[in-house]
Amino acid sequence: MVLSIFKVLWNNLKQGPSTDPFPFGETFTPARLRGKVAVDPEACVGCGVCATVCAGNAIKHVERGDGSGKDFYVWHNTCTFCGLCQHYCPTDAIRLTNNWSTAHRNEDKYKMKEHEFVAYARCPQCDQAMPNMPHAMLDHIYGAPTEELEAIYKLCPECRRQKAAQQFGAQIHD
Amino acid sequence: MSIIDAIKSKAVRSPWLYRINAGSCNGCDVELATTALIPRYDVERLGCKYCGSPKHADIVLITGPVTSMVKEKVLRVYEEIPDPKVTVAVGVCPISGGVFRGSYSVPIMLDDIIPVDVNVPGCPPRPQAILEGVAMALDIWKTRI
């Protein structure tokens, strides 16, 4: 009975301290921890659903005046790490990393932001600017897209309509 | 002068922390308690210790959006803390208003009324992030004393 405490002490000695060594050493970060938001501008379609669902109003899309694309801002100082943006993003362009290191001086308050430029795509036929259509979006909508879709998904709505009609007409003709 | 320097070098080793809840939901306060009381995070390794009176405090940790009702009280308690002091805003609420920004009772941010030194955003921030912020505040405090 009395000796059991020695057993506990011995086990504690063997285990070493359970105190996290941070800030003097490395700490353990779970892989699925929800931390700072990261944006992949290549995969973003600029639909703005992340800005709509954002609980803390941290996400902002600003259209550029010259029509070349959108500026994508995430202000970490009002982000609550809720993960709604990640959940609703159709192309997994926005995701929460496990980077929890957020402490900063007050001078850097308005520099604590993620800024990405989401460029608009150009139609290969008529060179008109339109929201970028990543392949991930096509997969999301159609599962496995057919060859016909692959041929027209990069075109602007006007050219796509014409091309689709041509393809359809060719099928009927055959 | 050398005596003052000697006292200074001793004094910087043990700043005392004081907590002000400016209308917080208690999420950040739980994390602050975790940082201090659980041996796993143990803020006392940095020489810090929580104190019950603002008159003993060196580093003040403020949580919560500063609501209209609590604003005057926060200022009154803040005035009681002797100089030099370092202010740390914990959580997104005091920094930007967080999810309460634009609400009728949250007209201001903390740094509109109090000079804030360190921000630790998060809802709530991890205990490690709070430790990081306290370590930053310690660096600032050493330059002020």
Study note, to complete from the structure: Ranked by heavy-atom pairs below 4.5 Å to chain B, first place among A/Lys109, A/Arg34, A/Met112, A/His76 goes to A/Lys109

Practice item. With a 4.5 Å cut-off on heavy-atom pairs, point out which of A/Thr102, A/Thr29, A/Asn57, A/Thr27 contacts chain B the most. Key: A/Thr102

Please answer: with hydrophobic residues joined when any side-chain heavy atoms are less than 4.5 Å apart, are [X] and [Y] in the same cluster?
X        : Y        : answer
A/Phe117 : A/Tyr73  : no
B/Leu61  : B/Val77  : no
B/Met136 : B/Val116 : no
A/Tyr120 : A/Leu155 : no
B/Leu75  : B/Tyr18  : yes

Check your understanding: Checking B/Arg40 against chain A: side chain, backbone, both or neither under 4.5 Å from a heavy atom?
Key ->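 Both backbone and side chain.
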
Exercise for review: For each of B/Ile95, B/Ile130, B/Leu46, tally heavy-atom pairs with chain A at distances under 4.5 Å, and name the one with the top tally.
Suggested key: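 Of B/Ile95, B/Ile130, B/Leu46, B/Ile95 has the most heavy-atom pairs under 4.5 Å with chain A.
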
Check your understanding: Between B/Gly133, B/Pro125, B/Ala135, B/Gly98, which shows the greatest number of heavy-atom pairs under 4.5 Å with chain A?
Key ->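 Of B/Gly133, B/Pro125, B/Ala135, B/Gly98, B/Gly98 has the most heavy-atom pairs under 4.5 Å with chain A.
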
Could you tell me if the side chain of [Y] sits less than 4.5 Å from the side chain of [X], heavy atoms only?
X        : Y        : answer
B/Asp117 : A/Arg105 : no
A/Trp75  : B/Ser96  : yes
A/Ser101 : B/Gln128 : no

Practice item. Step by step, work out the side-chain contact (heavy atoms from CB on, under 4.5 Å) result for B/Asp111 and A/Asn106. Key: CA-CA 9 Å; B/Asp111 61 353; A/Asn106 198 45; 3.6 Å; yes

Taking [atom1] in [X] as the centre, count heavy atoms belonging to other residues, nucleotides or ligands within less than 6.0 Å. Is the count above 12?
X        : atom1 : value
B/Glu80  : CD    : yes
A/Phe24  : CZ    : yes
A/Gln171 : CD    : yes
B/Lys71  : NZ    : no
A/Gln86  : CD    : yes

Check your understanding: chain B heavy atoms under 4.5 Å from A/Phe22: which part of the residue, side chain, backbone, both or neither?
Key -> both

Check your understanding: Contact part of A/His104 toward chain B, heavy-atom cut-off under 4.5 Å: side chain, backbone, both or neither?
Key -> both

Check your understanding: Nearest 0.5 Å, what's the CG-CD1 distance between A/Asp20 and B/Ile38?
Key ->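 A/Asp20 CG to B/Ile38 CD1: 11.5 Å, rounded to 0.5 Å.
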
Exercise for review: Might you point out which heavy atoms bring B/Arg101 and A/Gly56 nearest each other, and give the distance in Å?
Suggested key: NH2-O, 3.4 Å

**Study point:** Exercise: identify the closest heavy-atom pair between A/Ala103 and B/Ala129
**Key:**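 Answer, listing the atom of A/Ala103 first, then B/Ala129: CB-O, 4.0 Å.
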
Exercise for review: Could you go through the side-chain contact (heavy atoms from CB on, under 4.5 Å) check for B/Val99 and A/Thr80 one step at a time?
Suggested key: CA-CA 8 Å; B/Val99 292; A/Thr80 56; 3.7 Å; yes

Point to revise | B/Val92 and A/Phe81: CA distance, side-chain angles, deciding distance, side-chain contact (heavy atoms from CB on, under 4.5 Å) verdict | key: CA-CA 10 Å; B/Val92 293; A/Phe81 309 147; over 6 Å; no

